[in-house]
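A short write-up of the structure that comes next.
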Amino acid sequence: MPERFTITTPIYYPNDRLHIGHAYTTVAADALARFHRLRGEDVFFVTGTDEHGQKIEDRAGKVGKTPIAYVDEIVADIRDLWQVLGISHDDFIRTTEPRHERVVQEVFRRLEAKGDLYLSQYEGWYCTPCESFWVEGKLVDGKCPSCGGPVARLNEESYFFRLSRYAEPLLKYIESNPEFIQPVSRRNEMVQFIRQGLEDLSVSRTSFSWGIPLPQDPRHIAYVWVDALTNYITACGYLQDEERFRRFWPADVHLVGKEIVRFHAVIWPAILLSLDLPLPKVVYGHGWLLLGEQKMSKSRGNVIDPRQLVQRYGRDAVRYYLLREVPFGADGNYTEDALILRTNVDLANDLGNLLSRTTAMLERFTGGTIPASGRSSLRQQAEETVGRVEERLARLQVSDAVAAVFDLVKRANKYIEEEAPWQLHRAGDPRLGDVLYDLAESLRVIAILLKPFLLDAPDAIFRQLGLGGAQDASLADAAWGGLPAGTQVQRGEPIFPRIETEREGEAAATKAPVKSAGNTLPANDEADMISIDEFQRLDLRVGTILEATPVKGADRLLQLTVDLGEPEPRTVVSGIAEYYRPDALAGTQIVLVANLQPAKIRGVISHGMILAGKTAQVLQIVSPREPLPPGTQIK
Ligand code: ME8
């Protein structure tokens, strides 16, 4: 029997449309689920919706709908969103389903049978957006300590769960299972919280009706958090399919946002202890996506719609950004600029160019046939990358795992520069075959390792390598050497076209000198000025000089070989020989006018012109302040 892996997301409130904060958790859980499937494990990945409670009842009332009609619409929208993002959940649980209502009622019976349920009076505060009870002393300036929103005074009859009884057993459990609450900072918070002592928890309400009635007293409805947390065992088959339940429970990972770790790492395990059920292996509380300084949240209304981003940039770009940008566990700022930059640099430039350069060189040098390989220079790094991805995902370091794959992408790009296959080709060097095989095989391994994270790119890479789709490839197939010699590559479209932004126009505008009274700068005549459109006709790009050699019979000229991120480097003739020694130029970054008509200079065809500043004494090549990927456009 294969190993099994159970992973859950929070079940989201369908009180409003979801935003990229929810997509963040769900895409991360999806990546982990896909990774374990890639390893051949039997995965159970569950997400769903938390549909009861006062918040939903109030919200539905406000728009004149019944709660169920209200949530039905939003739940349909949520299911559609997960489809748009390619989420591969095995179950979608709604707390309004009969299978769940039965389990919640039985849980209440069992808590009572255990002596953990008693009737009393709740007097204190309630935060409806968080669906949380608070004692006076915990409020901050009279507001909810979790979301900062207003709280309401409650005074009603309620059943209580003897949470206080479980403080000691919980502390012991946390101590002997250091993996249980992650990251460590959240574990420390929880330990501190429990050490202060746990009060019994109010677990029923009588002042509204949208929820599951307690079997022992139907005037009371189950506190929505007890209802919601129970979803995890319902989905695994508790009290319905004991065999399935034994197989999939306890969950390996409850992935949640940091604000609800308390419910998952204190209340939920206490309930499970009372039910004599095993506790989840890991509760991981990740950080927040912020918009400016603030948490993106439905109640604040400062939200970004993931669907729009997918429409604009594609699902792989959005998934990549969510998985890669913020170190998993920490908070991070969302900006669309960062999404565009990630896409252009990592996906279009690094990954996309590696594929297009590799397939272009194969077409040119071998007629598109994957050559046989003798010695490999990338094998070791590729093998280490597989290990690194496994090890990082085992520790739920999702962004670091993605970064490990892109380190291999970068290494392969560097390898092209180092080995200069076009020179090997020119020289008839037999190492050409080894180098080209290395590149194509690395791409195959990269595509497999990307399968948990990206959905379309791995297939596209496989197809361009002549391997059909990537859907059947498993992690075992990432072993080096799986690409058969003789395979015919099929060069295709760029897998990630660069995203051109509307702001290009603005950037160009800032380059125009500002005319003002008393301006001492040389003022341009209107007639001398060019329009943005004219400026934009210039294709200025960053390049890296690979090699510089003197041009025979011309003292002032150097012949440069420049990497512009294209399949083959460019030859450029430049009048800088009096200022730079050829051997000092390799590795220097330059700015090239890339769409200049080719010109023959002293018998050498020059494809472009590099920019430099010149005074009477010196000449300085224009370089970006910090290195940029070859091919980066200057705007
Ligand atoms: O809390 N950044 O549901 P919810 C990162 N129904 N993640 C975010 C986020 C942000 N800005 N905003 C939301 C509930 N999330 C309960 C859960 S579970 C038994 C019941 C994600 O709709 C994150 O995972 O308020 C957070 O914990 C969850 O959405 C809250 O979703």
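Computation of the quantities below employed the complete heavy-atom set of this structure, encompassing side-chain atoms and omitting hydrogens, waters and symmetry-equivalent molecules. All ligand and atom numbering here is 1-based and tracks the order in the structure.
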Proximity flag Trp268 to ligand 1, non-hydrogen atoms under 4.0 Å: no
Is the closest N or O pair between Met296 and ligand 1 shorter than 3.5 Å? yes
Backbone or side chain, does any N or O of Gly257 fall under 3.5 Å from an N or O of ligand 1? yes
The answer for which part of Glu131 has a heavy atom under 4.0 Å from ligand 1 is neither
Check whether more than 12 heavy atoms from other residues, nucleotides or ligands sit under 6.0 Å from atom CD of Glu243, and answer yes or no. no
Counting both backbone and side chain atoms, is some N or O of Asp50 under 3.5 Å from an N or O of ligand 1? yes
At what distance is the nearest protein heavy atom to atom 20 (C) of ligand 1, and which residue and atom is it? Ile11 O, 3.4 Å
For atom 22 (O) of ligand 1, find the nearest protein heavy atom and state the residue, atom name and distance (0.1 Å precision). Lys298 NZ, 2.7 Å
Sub-4.0 Å heavy-atom contact, Lys258 with ligand 1: no
So, Arg4 side chain and Arg247 main chain: donor-acceptor pair closer than 3.5 Å or not? yes
Do me a favour and list the nearest non-hydrogen protein atom to atom 2 (N) of ligand 1 with residue, atom name and distance? Leu289 N, 2.8 Å
Protein contact of atom 14 (C) of ligand 1 - nearest heavy atom, named by residue and atom, plus distance: Tyr13 CE1, 3.3 Å
Should we count CD of Gln471 as having more than 12 external heavy atoms under 6.0 Å? yes
For Glu199, look at atom CD and say whether over 12 heavy atoms of other residues, nucleotides or ligands are found less than 6.0 Å away. no
State, with a plain yes or no, whether a side-chain heavy atom of Arg315 is found less than 4.5 Å away from one of Asp456. yes
Quick one: look up the protein heavy atom nearest atom 12 (N) of ligand 1 and list residue, atom name and how far away it is. His19 CE1, 3.2 Å
Could you work out, for atom 15 (N) of ligand 1, the closest of Gly21, Ala29, Ala28, Cys130 by heavy-atom distance? Gly21
Taking atom CZ of Arg392 as the centre, report whether more than 12 heavy atoms of other residues, nucleotides or ligands fall under 6.0 Å from it. yes
Around atom NZ of Lys114, are there more than 12 heavy atoms from other residues, nucleotides or ligands closer than 6.0 Å? yes
So which heavy atom in the protein is nearest atom 23 (C) of ligand 1, and how far is it from that ligand atom? Thr25 OG1, 3.3 Å
Backbone or side-chain N or O of Leu18 under 3.5 Å from ligand 1 N or O: no
Residue pair Glu112 / Leu214, side-chain heavy-atom distance below 4.5 Å: no
Atom 26 (C) of ligand 1: closest protein heavy atom, distance to 0.1 Å, is Glu259 OE2, 3.0 Å
Within the structure provided, determine whether Met296 and Trp288 are in side-chain contact (heavy-atom separation under 4.5 Å). no
Which residue from Tyr12, Trp288, Tyr232, Phe263 reaches closest to atom 19 (C) of ligand 1 through any of its heavy atoms? Tyr232
Nearest protein heavy-atom contact for atom 29 (O) of ligand 1: which residue, which atom, what distance? His22 CD2, 3.2 Å
Could you go step by step and tell me if Tyr223 and Phe133 meet the ring-ring contact (aromatic ring centres under 6.0 Å, His included) rule? CA-CA 10 Å; Tyr223 171 40; Phe133 296 98; 4.8 Å; yes
Would you mind reporting whether His52 and Glu57 have side-chain heavy atoms less than 4.5 Å apart? no
